[in-house]
S.K.: 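Structure in structure tokens, see below.
Note that the coordinates shown come from a computational prediction; the quantities given were computed from them, not determined experimentally.
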Amino acid sequence: MPQRDGVPPPDLWSRPRIAAALATCDMATVIEGVRSARGWSQGELARAVDYSQSWVSRVVNGQQSLTVSQVHDLAQRLGIPLHLLRFGGGTPPDGATAPKEVDPTRRRDFGRVVAAGALMTTTAPPVAPTHTRHAVNETTAPALRSITGGQRRMDATSAARHLLPSAVAHVHLAEQMLANARGTPFLAPVSAAASEASGFAAWLHADQGDMGSARMHYRTAVVRARQTGIRLLDVYMLGSLAAFEIDTAEDPELGLGLVREAEHVLGRTAHPTANAWLACVGALAHAGIGDRSSAAHALRRAEREVARPGNCDPPWPWVFAFDEPKVAGYRALVDVRLRRPHDARHAFAEAFAPSGASAKQAAVLQVELASAHADAGDVDEAFRLAQEALATGIEFGSERVIGRVRGFRRRYTGPYAACVRELDDQLTSLMTGFSACG
């Protein structure tokens, strides 16, 4: 009988099908067996292991390969005994079917996982605790943060799909260092570094259109930030999750609730960069629910903050100053959502003046500007901008940008001009694998 609790049935590991899967390190079968034995839905399984449901679905269907650290992590979270994971070559357990052949590289990798698990579940020799204490020191957090910083800088000129594998691996590394840091004076700074790593991984997943993984990493980033006791990092990650819910997941009500929580954490005497940025994220949420007055009030507050002395030197974790052009960019986004095309175009002119945005971010703004032109009746310019943005989205493999262009096209209800037909042809070609933008 399935049981809906956190403990697998005691005979689960000896059942023929699961025993055979353990004998070949067939994690898809083992994980599905755990899910079925506990009476979980796939969504409940995803929540238990803290991964997205889409990722879990790929794993249990054999479509997602696992890293060494992921096997170890899943085994710990689901109570799978690592010491039982073996590979074929011998006789399968009684009543079990013959194991599937396993790739030799995976044999070696998973063998290391089993060895690591055995070491963690047995009594360590006296020297091991000394080694563990020295695994984390005053250089660990700065080193982890420097890696995230380098990845962030590369995001401006690189496709997210190329950065994502290393970013996810870095999250696992940061989490391992965080585990090693428990009970040391370095716990808070390493937790902060882990928060930044998860926040960047979330950003990349969102760019690739994987909403579940993005949300999972953002939530981890918030939890890790909260554990540091560093108010500005807490606010930054809460605000980043809010911006994701508002602008990418298109749930402004949820985003507004997160903004209010971040404002409560921030307090009244914060750095102007934090105040201005959070006010702008809130303005975007208010615009999303049609609250013109509150959106305007939030933008005015942001303008006052950027004019305060000291805003030219942004605090960590902000990398760049939040200045007048950035407020103008948010004002333009607000005006687009409130269907004020002429105001939006004026604000976009201010926002684009310093051309400091990355190509992908500039493309996102181009789509918003295209919406403003379409609302103003300037169809040719609107679709020219949308085509340019689409070309950038294809170049960088950005589902975020491509999705924005598709959304722009769905919302357009005007005449079917030649420029409209051109964009339709490009989107159709993209879907069939033959890009007309290259």
S.K.: Is R409 reaching over with its side chain to a backbone N or O of V405, donor-acceptor style, under 3.5 angstrom?
M.R.: no
S.K.: Any chance you could measure D234, atom CG, to I230, atom CD1, to the nearest 0.5 Å?
M.R.: 10.0 Å
S.K.: Are any side-chain N or O atoms of D323 and backbone N or O atoms of K326, one a donor and one an acceptor, separated by less than 3.5 Å?
M.R.: yes
S.K.: Determine, stepwise, if the pair R226 / V265 fulfils side chain to side chain contact (heavy atoms under 4.5 Å, CB included).
M.R.: CA-CA 10 Å; R226 186 69 48 94; V265 173; 4.3 Å; yes
S.K.: For residues 383-424, pull every pair meeting ring-ring contact (aromatic ring centres under 6.0 Å, His included), keeping only residues two or more places apart or in separate chains.
M.R.: F383-F408, F383-Y412
S.K.: Looking only at heavy atoms, which two atoms of A372 and V336 are closest? And how far apart?
M.R.: CB-CG2, 4.1 Å
S.K.: To the closest 0.5 Å, what do you measure between CG (L238) and CG (L233)?
M.R.: 9.5 Å
S.K.: Enter the distance from L266:CG to L278:CG here, rounded to the nearest 0.5 Å.
M.R.: 6.5 Å
S.K.: Does a side-chain heavy-atom distance below 4.5 Å link F200 with S240?
M.R.: no
S.K.: As a test of understanding, state which of K360, R404, R406, R161 forms a salt bridge (Lys or Arg N to Asp or Glu O under 4.0 Å) with E399.
M.R.: R406
S.K.: Check the angle between the aromatic planes of W318 and Y236 and answer parallel, tilted or perpendicular using the 30° and 60° thresholds.
M.R.: perpendicular
S.K.: Is there a side-chain contact between I80 and L74, using heavy atoms and a 4.5 Å cut-off?
M.R.: no
S.K.: Over 60° means perpendicular and under 30° means parallel, so classify the ring planes of Y218 and F244, tilted if in between.
M.R.: tilted
S.K.: Under 3.5 Å, is there a donor-acceptor pair between the side chain of R292 and the main chain of L338?
M.R.: yes
S.K.: Using a strict cut-off of less than 4.0 Å between a Lys/Arg side-chain nitrogen and an Asp/Glu carboxylate oxygen, indicate whether D375 and R411 qualify as a salt bridge.
M.R.: no
S.K.: Taking all atoms of both residues into account, what is the closest heavy-atom pair of I246 and A285, and its distance?
M.R.: CD1-CB, 3.5 Å
S.K.: Please examine the side chains of D155 and R152, heavy atoms only from C-beta on, and report whether any two atoms are closer than 4.5 Å.
M.R.: no
S.K.: Is there a side-chain contact between V401 and Q366, using heavy atoms and a 4.5 Å cut-off?
M.R.: no
S.K.: Between S166 (side chain) and L163 (backbone), is there a donor-acceptor pair under 3.5 Å?
M.R.: yes
S.K.: May I ask you to say whether R384 pairs ionically with E388, meaning some side-chain N is under 4.0 Å from a carboxylate O?
M.R.: yes
S.K.: Can D210 and S54 be said to form a side chain to side chain contact (heavy atoms under 4.5 Å, CB included), step by step?
M.R.: CA-CA 8 Å; D210 187 347; S54 60; 3.6 Å; yes
S.K.: Verify the distance criterion only: is there a donor paired with an acceptor across the side chains of R224 and Q227 at less than 3.5 Å?
M.R.: yes
S.K.: Rounded to the nearest 0.5 Å, how far does CZ of R337 lie from OG of S371?
M.R.: 8.5 Å
S.K.: Does H346 reach the side chain of D335, with side-chain heavy atoms less than 4.5 Å apart?
M.R.: no
S.K.: Between L45 and V34, is there a side-chain heavy-atom distance shorter than 4.5 Å?
M.R.: no
S.K.: Should L187 and L178 be marked as a side chain to side chain contact (heavy atoms under 4.5 Å, CB included) after you check the CA-CA gap, both sets of side-chain angles, and the distance that decides it?
M.R.: CA-CA 7 Å; L187 180 61; L178 181 59; 3.5 Å; yes
S.K.: Quick one: closest heavy-atom pair of E305 and A276, and the distance?
M.R.: CB-CB, 3.8 Å
S.K.: Under a 3.5 Å distance rule, please check whether Q208 uses its side chain to pair with a backbone N or O of H205 as donor and acceptor.
M.R.: no
S.K.: Tell me the closest heavy-atom pair linking G239 and V281, and the distance in Å.
M.R.: O-CG1, 4.2 Å
S.K.: Is there side-chain contact between V367 and L385, with heavy atoms separated by less than 4.5 Å?
M.R.: no
S.K.: To the nearest 0.5 Å, how far apart are CG in D251 and CG in L256?
M.R.: 10.5 Å
S.K.: Using the rule given for side chain to side chain contact (heavy atoms under 4.5 Å, CB included), can you reason through N275 versus F322, listing the C-alpha separation, both sets of side-chain angles and the distance that settles it, and then say yes or no?
M.R.: CA-CA 10 Å; N275 284 326; F322 199 83; over 6 Å; no
S.K.: Answer yes or no: is there a donor N or O on one side and an acceptor on the other, between the side chain of S198 and the main chain of S195, under 3.5 Å?
M.R.: no
S.K.: Taking T140 for its side chain and V136 for its backbone only, find out whether a donor-acceptor pair lies under 3.5 Å.
M.R.: no
S.K.: When rounded to the nearest 0.5 angstrom, what is the spacing between CG in L430 and CG in D425?
M.R.: 12.5 Å
S.K.: For a quick test of reading the model, state the closest non-hydrogen atom pair linking A174 to A194 and the distance between them.
M.R.: CB-CA, 3.8 Å
S.K.: Can you tell whether the side chains of R400 and D247 come within less than 4.0 Å, N to carboxylate O?
M.R.: no
S.K.: Taking all non-hydrogen atoms of both residues into account, name the closest pair between H271 and P314 and its distance.
M.R.: CE1-CA, 4.1 Å
S.K.: Determine, for R331 against E324, whether the closest basic-nitrogen to carboxylate-oxygen distance falls under 4.0 angstrom.
M.R.: no
S.K.: Does the distance from a Lys or Arg side-chain N to an Asp or Glu carboxylate O, for E32 and R35, drop under 4.0 Å?
M.R.: yes
S.K.: Can you find a pair of side-chain heavy atoms, one from V327 and one from C280, that are under 4.5 Å apart?
M.R.: yes
